[in-house]
There are 2 protein chains.
Amino acid sequence: MGATKTEHFTAKQNKLATLAKALGHPARIAIFDYLLKVDTCICGDIVNELPLAQPTISQHLKELKNAGLIKGSVEGNAICYCIDETVLEILQKYFNNISSKIDMKKSNCC
Amino acid sequence: MGATKTEHFTAKQNKLATLAKALGHPARIAIFDYLLKVDTCICGDIVNELPLAQPTISQHLKELKNAGLIKGSVEGNAICYCIDETVLEILQKYFNNISSKIDMKKSNCC
DNA sequence: AATCTATATCGTAATATTGCAATTAAATAA
DNA sequence: TTATTTAATTGCAATATTACGATATAGATT
């Protein structure tokens with residue numbers, strides 16, 4: 001054991017969990033914050049911004065990329081990363097949907 | 001190594017990461033789904049709904065509770081769980097904020 | 001009290017994540 | 001060609017997560 005039993009859940013549930021998991025680390029939230037702060041995409045300078053070694057950041061970027069949250073394009077010998085809006089929309093809609101569903105409930109307990 | 005270096009990041013970044021991480025597992029997304037589907041709080045029947053053993057679900061509920069995403073109240077010899085809206089709002093606002101920030105950008109790359 | 005029912009905790013095995021030094025790969029600059 | 005720069009990959013140690021059987025706890029029921 002130890003491995004997540006993804007086969008028991010729906011594709012949507014697994015997708016959402018993957019996205020949430022990808023953002024479930026402060027370094028990856030910090031990468032997102034930086035991507036939003038700077039007006040263009042990041043091209044390497046993120047290594048100087050975060051208090052982690054270059055291989056570690058490269059790994060975090062890889063995970064964000066695997067989840068589909070960011071996309072990267074080669075820019076000379078540097079690589080330019082930025083947020084992928086389409087995938088982010090899934091999360092946005094999910095939480096907005098939850099909030100409206102909760103609001104409609106009469107909250108008859110807790 | 002192996003432990004997350006939370007001390008290097010802001011309280012807000014760590015908080016968001018904790019919340020996202022708590023939802024970063026399909027079983028916990030499924031628990032959320034079920035909490036929204038049934039009109040009242042769940043009282044035990046979630047063990048029959050999910051394809052996981054009772055101790056495993058208890059553990060997942062504990063993690064959601066630790067993150068502040070759900071709250072539980074004793075209801076006889078059963079326990080009644082439901083979503084905590086206030087904490088959920090943090091996530092909702094975060095993703096809405098990101099989306100609006102991205103929309104304002106002229107997307108001059110990628 | 002004895003029993004049932006619901007949930008939590010303990011202990012532990014299997015697996016995943018985090019972090020980094022060392023190295024590699026690929027494009028640029030000299 | 002030979003650096004130099006930038007980012008990915010490899011390998012590995014430390015730690016965390018996932019899952020569940022066994023057991024414990026707490027309230028309800030008989």
Side-chain angles (χ1 to χ4, degrees), chain A residues 1-9 13-14 17-31 34-35 41-67 70-82 109-110, chain B residues 1-9 13-14 17-31 34-35 40-67 70-82 110:
Chain A
M1 293 106 215
T4 298
K5 291 191 164 182
T6 53
E7 69 275 14
H8 292 313
F9 303 98
Q13 286 168 339
N14 282 315
T18 300
L19 294 178
K21 192 177 184 179
L23 286 172
H25 192 289
R28 298 195 287 267
I29 292 283
I31 289 172
Y34 188 67
L35 277 169
C41 302
I42 50 162
C43 302
D45 50 353
I46 199 155
V47 176
N48 306 316
E49 287 284 325
L50 295 196
L52 293 168
Q54 181 269 322
T56 307
I57 290 170
S58 187
Q59 196 174 287
H60 283 305
L61 286 169
K62 192 180 178 183
E63 273 172 67
L64 286 170
K65 202 174 160 189
N66 283 343
I70 62 173
K71 51 188 171 182
S73 54
V74 180
E75 202 82 28
N77 65 342
I79 292 182
C80 176
Y81 283 111
C82 56
C109 55
C110 292
Chain B
M1 294 107 216
T4 298
K5 290 192 163 181
T6 54
E7 69 275 14
H8 293 313
F9 303 99
Q13 286 168 339
N14 282 315
T18 300
L19 294 178
K21 192 177 184 179
L23 287 172
H25 191 289
R28 298 195 287 267
I29 292 284
I31 289 172
Y34 188 67
L35 277 168
T40 75
C41 301
I42 50 162
C43 302
D45 51 353
I46 199 154
V47 176
N48 305 316
E49 287 285 325
L50 294 196
L52 292 169
Q54 180 267 322
T56 308
I57 290 170
S58 186
Q59 197 173 285
H60 283 306
L61 286 168
K62 191 180 177 183
E63 273 172 67
L64 286 170
K65 202 174 159 189
N66 283 343
I70 62 173
K71 50 188 172 182
S73 54
V74 181
E75 201 83 27
N77 64 343
I79 292 183
C80 176
Y81 282 111
C82 55
C110 296

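Keep in mind the model is a prediction, meaning the values are calculated, not measured. In what follows, chains are A, B, ... by sequence order, proteins preceding strands, each numbered from 1.
The CG-C1' distance, from A:Asn48 to D:dT6, rounds to 11 Å in whole Å. Rounded to an integer number of Å, the gap from CD of A:Glu49 to P of D:dT6 is 15 Å. Between A:Leu61 atom CG and C:dG19 atom P the separation is 13 Å, expressed in whole Å. Rounded to an integer number of Å, the gap from B:Leu50 CG to D:dT18 P is 14 Å. Here C:dT7 presents its P atom at 12 Å from CD1 of B:Ile70, a figure rounded to the nearest Å. If you take CD of A:Glu7 and C1' of D:dA19, they are 12 Å apart, rounded to a whole angstrom. We find that NE2 of B:His25 is positioned 8 Å from C1' of D:dT17, with the value rounded to whole Å. Rounded to an integer number of Å, the gap from A:Leu64 CG to D:dA8 C1' is 15 Å.
Of the candidates D:dT18, C:dT18, C:dA22, D:dT18 carries the atom nearest the A:Thr4 side chain, counting heavy atoms from C-beta on. Taking every side-chain heavy atom of B:Ile79 into account, C:dA8 is the closest of D:dT18, C:dA21, C:dA8. With C:dA8, D:dA16, C:dA16 as the choices, the nucleotide that has an atom nearest any side-chain atom of B:Ala3 turns out to be D:dA16. Taking every side-chain heavy atom of B:Lys5 into account, C:dG19 is the closest of C:dG19, C:dT17, C:dA8. Which of D:dA19, D:dA8, C:dG19 sits closest to the side chain of B:Leu52 comes down to D:dA19. Comparing D:dA7, C:dA8, C:dG19 against the side chain of B:Gln54 picks out C:dA8 as the nearest. Picking from C:dT7, D:dA22, C:dT18 the nucleotide with the shortest atom distance to the side chain of A:Glu63 gives C:dT18. Among the nucleotides C:dA27, C:dG19, C:dT7, the one closest to the side chain of A:Asn77 is C:dA27.
Position along DNA chain D of the nearest nucleotide to B:Ala53 versus B:Gly76 favours B:Ala53 as the more 5'-ward residue. Residues B:Thr6 and B:Ile57 each lie close to DNA chain C; by heavy-atom proximity, the contact nearer the 5' end of the strand is made by B:Ile57. Each of B:Arg28 and A:Lys65 lies near DNA chain D, and the nucleotide nearest A:Lys65 is the one positioned closer to the 5' end.
The shortest non-hydrogen separation linking B:Ile70 to B:Tyr81 is CD1-CD2, 3.7 Å. Minimum interatomic distance between A:Leu50 and A:Ala27 (heavy atoms only, all atoms of both residues): CD1-O, 3.9 Å. Of all heavy-atom pairs between B:Ala22 and B:Ala67, the closest is CB-CB, 3.5 Å. A:Asn14 approaches A:Phe9 most closely through the heavy-atom pair ND2-O, 3.5 Å.
A donor-acceptor contact under 3.5 Å is not formed by the side chain of A:Gln59 with the base of D:dA8.
Taking side-chain N and O atoms only, B:Tyr81 has a distance below 4.0 Å to OP1 or OP2 of C:dA8. Listed pair A:Ser58 / D:dA8 meets the phosphate criterion, a side-chain N or O lying under 4.0 Å from OP1 or OP2. One finds a side-chain N or O of B:Lys62 lying less than 4.0 angstrom from the OP1 or OP2 phosphate oxygen of C:dT9. Contact check, B:His60 against D:dT17: no side-chain N or O comes under 4.0 Å of OP1 or OP2.
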Below 3.5 Å, can you tabulate the donor-acceptor pairs from side chains in residues 51-65 of chain B to any protein atom, sequence neighbours excluded?
from, atom 1, to, atom 2, distance (Å)
B:His60, ND1, B:Arg28, NH1, 2.9
B:Glu63, OE1, B:Arg28, NH1, 3.2

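Distance CD/A:Gln13 to CG/B:Leu23: 12.0 Å, rounded to 0.5 Å.
Counting non-hydrogen atoms under 4.0 angstrom, B:Lys21 reaches the backbone sugars and phosphates but no base.
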